[in-house]
Amino acid sequence: MSTPPMFVPEYNKPDSPGIHMGFDNTVAIYQVVAPEDTFEAAATEAVDFLREAEQRFPGWPRVFYLDVAGHDGDAGGFDPDFYEFQQEFFFSVLAPFISAAEMPLTGGLVNPEPQRNDVPDALRFGEDVRPHAGQVVPDHGGTPTGDGA
């Protein structure tokens, strides 16, 4: 039994934020995070976009595009929240529900697993109790930075 070939979409970021049907039968989700946006607001918007894309185009391959304005810092060029958004949050929450992505921190990525279509109805945020929450921990020791406790 052979496995079907992996779907690799053409990267063609839309001109405006939102949900767009692509020329290659993909659904492009384009999110722009503004300087005043919080992590929670951006995360909620991303999941809302995923849910709407699945409702409008059930099962179609989704490509997630992200631009981040402001939120500059020492973690890969981003503040701690939007470094975490592109690393932890993206891979643990968003990635299973898309076929590919393009983000400032990572560039283009293809999901090696089949896209899931059971997008959650909503996000719930709990208190972050990690020892270094809200801080950037340098790769080779050093003192954490940021406003976390």
Side-chain angles (χ1 to χ4, degrees), residues 7-57 60-113 115-149:
F7 173 75
V8 179
E10 293 287 328
Y11 289 103
N12 192 16
K13 182 167 53 176
D15 294 330
S16 61
I19 298 168
H20 308 272
M21 177 53 67
F23 71 93
D24 59 353
N25 291 332
T26 61
V27 176
I29 299 169
Y30 180 28
Q31 181 179 16
V32 177
V33 175
E36 64 275 6
D37 288 342
T38 64
F39 177 96
E40 290 82 2
T44 299
E45 180 179 55
V47 172
D48 288 348
F49 276 150
L50 283 175
R51 189 176 47 260
E52 182 183 344
E54 175 60 19
Q55 289 170 347
R56 288 175 53 194
F57 307 101
W60 287 56
R62 291 182 286 274
V63 182
F64 180 80
Y65 297 94
L66 176 70
D67 280 331
V68 179
H71 301 287
D72 299 331
D74 296 332
F78 297 93
D79 66 26
D81 279 348
F82 285 92
Y83 179 82
E84 179 182 356
F85 186 93
Q86 295 176 77
Q87 285 292 301
E88 304 298 328
F89 177 76
F90 172 77
F91 288 103
S92 64
V93 177
L94 302 179
F97 303 103
I98 60 170
S99 293
E102 186 175 274
M103 299 181 296
L105 189 62
T106 62
L109 301 168
V110 174
N111 185 351
E113 299 295 324
Q115 168 186 290
R116 289 178 47 188
N117 296 316
D118 57 336
V119 179
D121 291 332
L123 287 178
R124 250 189 348 212
F125 295 97
E127 181 181 352
D128 195 341
V129 295
R130 296 172 299 159
H132 298 292
Q135 300 177 349
V136 176
V137 179
D139 288 335
H140 302 288
T143 304
T145 62
D147 59 3

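We use all heavy atoms of the structure for the numbers below, so side chains are in, but hydrogens, waters and symmetry mates are not.
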> At their closest point, which heavy atom of M103 faces which heavy atom of L109, and how far apart are they?
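Here M103 and L109 meet closest at CE-CD1, 4.3 Å.
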> Between the side chain of N111 and the main-chain N/O of I98, is any donor-acceptor distance below 3.5 Å?
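Checking the backbone N and O of I98 against the side chain of N111, a donor-acceptor pair under 3.5 Å is found.
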> Distance from I29 atom CD1 to F57 atom CZ, nearest 0.5 Å?
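Nearest 0.5 Å value for the CD1-CZ distance: 10.0 Å.
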> What residues form a side-chain contact (heavy atoms from CB on, under 4.5 Å) with P17, not counting sequence neighbours?
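P17 satisfies side-chain contact (heavy atoms from CB on, under 4.5 Å) with Y30, V32 only.
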> Between H71 (side chain only) and A34 (backbone N and O only), is there a donor and an acceptor less than 3.5 Å apart?
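Yes, because the side chain of H71 sits within donor-acceptor range (under 3.5 Å) of the backbone of A34.
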> If I take atom CG from residue D118 and atom CD from residue E54, how far apart are they, to the nearest 0.5 angstrom?
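If I round to the nearest 0.5 Å, the distance is 8.5 Å.
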> Is F90 close to T106 at the side-chain level, that is, under 4.5 Å between some pair of heavy atoms?
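T106 vs F90: side chains apart.
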> Flag the pair Y83 / L105 as yes when at least one side-chain heavy-atom distance between them is below 4.5 Å, and no otherwise.
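Of all side-chain heavy-atom pairs linking L105 with Y83, at least one is under 4.5 Å.
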> For the residue pair F85 and F39, categorise the inter-ring angle as parallel (less than 30°), tilted (30 to 60°) or perpendicular (more than 60°).
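F85 and F39: perpendicular rings.
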> OG1 of T38 to CD of E45: how many Å apart, nearest 0.5 Å?
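Going from the OG1 atom of T38 to the CD atom of E45 covers 10.5 Å.
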> Can you see which heavy atom on V27 is nearest to which on W60, and at what distance?
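Looks like CG2-CB, 3.8 Å.
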> What's the shortest heavy-atom distance between F82 and D37, and which atoms?
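Minimum heavy-atom contact is CE1-O, 3.7 Å.
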> Taking all non-hydrogen atoms of both residues, which atom of D121 and which atom of R51 are closest, and how far apart?
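The answer is O-NH1, 2.5 Å.
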> Between E52 and D48 (side chain of the first, backbone of the second, donor and acceptor by atom type, cut-off under 3.5 Å), is there such a pair?
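Checking the backbone N and O of D48 against the side chain of E52, no donor-acceptor pair under 3.5 Å is found.
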> Locate the shortest heavy-atom distance separating V47 from P120; write the atom from each residue and the value.
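Closest approach of V47 to P120: CG1-O, 4.0 Å.
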> Taking the side chain as every heavy atom from C-beta outward, state whether L66 and K13 have any atom pair closer than 4.5 Å.
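SC-SC contact between L66 and K13 ruled out.
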> Looking only at atom types and distance, does a side-chain atom of Q31 sit under 3.5 Å from a main-chain N or O of G18, one as donor and one as acceptor?
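Between the backbone of G18 and the side chain of Q31 there is no qualifying donor-acceptor contact (under 3.5 Å).
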> Between R62 (side chain only) and S99 (backbone N and O only), is there a donor and an acceptor less than 3.5 Å apart?
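The answer is no, because no donor-acceptor pair under 3.5 Å joins these two groups.
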> Search all heavy atoms of V68 against all heavy atoms of Q86 and return the closest pair with its distance.
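Nearest heavy atoms, V68 then Q86: CG2-NE2, 4.2 Å.
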> To the nearest 0.5 Å, what is the distance between CG on L50 and CG on N117?
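The CG atom of L50 sits 10.5 Å away from the CG atom of N117.
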> Taking C-beta and beyond as the side chain, do F64 and F97 meet within less than 4.5 Å on heavy atoms?
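Of all side-chain heavy-atom pairs linking F97 with F64, none is under 4.5 Å.
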